[in-house]
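Notes for the one structure printed next.
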2 protein chains.
Amino acid sequence: MPGDELHALHQQELRRGTIVLACLLILKRPNYGYALLDRLDKHGFTVEANTLYPLLRRLEKQGLLTSDWNTDESRPRKFYRTSRAGTALADALSRDWDEMYSAFQSLKDET
Amino acid sequence: MPGDELHALHQQELRRGTIVLACLLILKRPNYGYALLDRLDKHGFTVEANTLYPLLRRLEKQGLLTSDWNTDESRPRKFYRTSRAGTALADALSRDWDEMYSAFQSLKDET
DNA sequence: AACGCTAATGTGCGTCACACACTATTGCAA
DNA sequence: TTGCAATAGTGTGTGACGCACATTAGCGTT
């Protein structure tokens, strides 16, 4: 397997789970899927649409997001918002992330 | 699903891939699996043995690690060491990690 | 000498997130 | 009125990880 493919593979594994946390953080302000794609991309979390939509439905099923169809405007859009449980989880995961960050620091310092 | 289970689930996803990077960094100095478990644990990367061993063999098959059986001492141990390709990948993944870190910073600053 | 404990490595199965390829509908602009 | 972009969804495969289990060998205790 060429080196670039290998990197892509492991990079994907490394980013795993971060999209969930990013969504929970961003969706403290309600937004709909397609616009969320842009927001994520702007912050460096590039995701495919076909990855994001199932993810949003998963999070809703887990009670971390709530959703409402906005039918006021011409084009109907499904707005998601981080629930209270979602906010709690986002806080917990942020702490976990920070711990991993220190863990890597302690590894690099050890060279 | 209770909140604790949910947290455990997402936490696992978030940590995914970090073990690989941690191993590549630690194994710049050769070491064997069982001792590596300790080193990882001390740095905050707690892993099950039955997770680590297949991982090491995967990384070896991908050419990121090399291995030698040490039969000098009474108990035979398989020593792993990060290869040149492994070092290169570790550097690349470290950069990826730092980018994700900044990405999260820019998210939190935006509240 | 028999027993059990720990060191040390390994395997098989299930689960879950994510990528990839695809479908479906609707509003707006050329 | 044709066509593109916005918006949402599905189905299938793959790969990492956890869990439970298996295996061998040296060490200490009784």
Side-chain angles (χ1 to χ4, degrees), chain A residues 1 5-24 30-41 45-62 64-65 67-80 89 93 100, chain B residues 1 5-24 30-41 45-62 64-65 67-80 89 93 100:
Chain A
M1 178 154 24
E5 271 184 46
L6 257 184
H7 177 224
L9 193 81
H10 287 285
Q11 187 185 31
Q12 184 187 324
E13 288 300 316
L14 197 59
R15 297 201 328 187
R16 216 176 168 110
T18 57
I19 310 291
V20 165
L21 179 50
C23 286
L24 290 177
N31 212 342
Y32 61 99
Y34 201 84
L36 183 55
L37 278 174
D38 257 18
R39 302 279 329 271
L40 284 167
D41 192 62
F45 299 94
T46 308
V47 197
E48 302 289 324
N50 31 28
T51 298
L52 184 63
Y53 286 116
L55 183 145
L56 291 173
R57 313 180 112 239
R58 258 198 324 273
L59 295 184
E60 188 184 10
K61 192 186 286 182
Q62 296 174 349
L64 303 169
L65 297 178
S67 72
D68 297 286
W69 280 98
N70 180 328
T71 48
D72 293 353
E73 301 176 28
S74 59
R75 188 179 285 272
R77 295 193 256 239
K78 195 175 185 178
F79 275 74
Y80 289 93
L89 184 67
L93 291 178
M100 289 196 291
Chain B
M1 185 157 17
E5 270 184 48
L6 257 184
H7 177 226
L9 194 81
H10 288 284
Q11 188 186 30
Q12 184 188 325
E13 289 301 314
L14 197 59
R15 299 202 324 187
R16 217 171 167 117
T18 57
I19 310 290
V20 166
L21 179 50
C23 286
L24 290 177
N31 212 341
Y32 61 99
Y34 202 84
L36 183 56
L37 279 175
D38 258 18
R39 302 277 331 269
L40 285 168
D41 192 61
F45 299 95
T46 308
V47 198
E48 302 289 323
N50 30 28
T51 298
L52 184 62
Y53 285 114
L55 182 145
L56 291 174
R57 315 180 111 239
R58 259 197 326 271
L59 295 183
E60 188 185 11
K61 192 186 284 180
Q62 296 174 349
L64 303 170
L65 296 178
S67 73
D68 296 288
W69 279 99
N70 180 331
T71 49
D72 293 352
E73 300 177 28
S74 60
R75 188 179 285 273
R77 296 193 257 238
K78 196 174 187 179
F79 274 73
Y80 288 94
L89 183 67
L93 291 179
M100 289 197 291

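Lettering follows sequence order; numbering is per chain, from 1.
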Side chain to side chain donor-acceptor pair (under 3.5 Å) partners of residues 49-58 of chain A, not counting sequence neighbours, each pair once =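 Pairs touching residues 49-58 of chain A that pass the test: none.
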Identify, with sequence neighbours excluded, every residue that meets ring pair (Phe, Tyr, Trp, His ring centres under 6.0 Å) alongside A:Y34.
->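 A:Y34 satisfies ring pair (Phe, Tyr, Trp, His ring centres under 6.0 Å) with no other residue.
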In chain order, what residues pass the side chain to side chain contact (heavy atoms under 4.5 Å, CB included) check against B:A8, with sequence neighbours excluded?
->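 Side chain to side chain contact (heavy atoms under 4.5 Å, CB included) check on B:A8 returns nothing, list empty.
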Non-neighbouring partners of B:D68 that pass side chain to side chain contact (heavy atoms under 4.5 Å, CB included), sequence neighbours left out | none
Distance, rounded to the nearest Å, where [X] contributes [atom1] and [N] contributes [atom2]:
X: A:F45; N: C:dA17; atom1: CZ; atom2: C1'; answer: 17 Å
X: B:N70; N: C:dT9; atom1: CG; atom2: P; answer: 10 Å
X: A:L59; N: D:dA8; atom1: CG; atom2: C1'; answer: 16 Å
X: B:E5; N: D:dG18; atom1: CD; atom2: P; answer: 16 Å
X: B:H7; N: C:dC16; atom1: NE2; atom2: P; answer: 17 Å

Atom pairs under 3.5 Å, N or O on each side, protein against nucleotides 22-24 of chain D: can you list them with distances?
none

Going 5' to 3' through nucleotides 10-17 of chain D, assign each nucleotide B (protein heavy atom under 4.0 Å from a base atom), S (under 4.0 Å only from sugar-phosphate atoms) or - (no protein heavy atom that close).
-> B----BBS
For A:R39, all residues meeting salt bridge (Lys or Arg N to Asp or Glu O under 4.0 Å), sequence neighbours excluded = B:E110
For residues B:L64 and B:L89, report the shortest heavy-atom separation together with the two atoms involved.
->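 The pair with the smallest heavy-atom distance is CD1-CD2, 3.6 Å.
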For A:E48, enumerate each residue passing the side chain to side chain donor-acceptor pair (under 3.5 Å) test, keeping only those at least two apart in sequence or located in another chain.
->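 Partners of A:E48 by the side chain to side chain donor-acceptor pair (under 3.5 Å) criterion come out as none, since no residue qualifies.
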Distance-only check: which donor-acceptor pairs under 3.5 Å involve side-chain atoms of residues 13-21 of chain B, not counting sequence neighbours?
{"residue": "B:E13", "atom": "OE1", "partner": "A:R16", "partner atom": "NE", "Å": "3.0"}
{"residue": "B:E13", "atom": "OE2", "partner": "B:R16", "partner atom": "NH1", "Å": "3.2"}
{"residue": "B:R15", "atom": "NH2", "partner": "B:T46", "partner atom": "O", "Å": "3.2"}
{"residue": "B:R16", "atom": "NE", "partner": "A:E13", "partner atom": "OE1", "Å": "3.1"}
{"residue": "B:T18", "atom": "OG1", "partner": "B:R15", "partner atom": "O", "Å": "2.4"}

Checking D:dG18, C:dA19, C:dG10 against the side chain of B:K78 (C-beta onward), the nearest is C:dG10
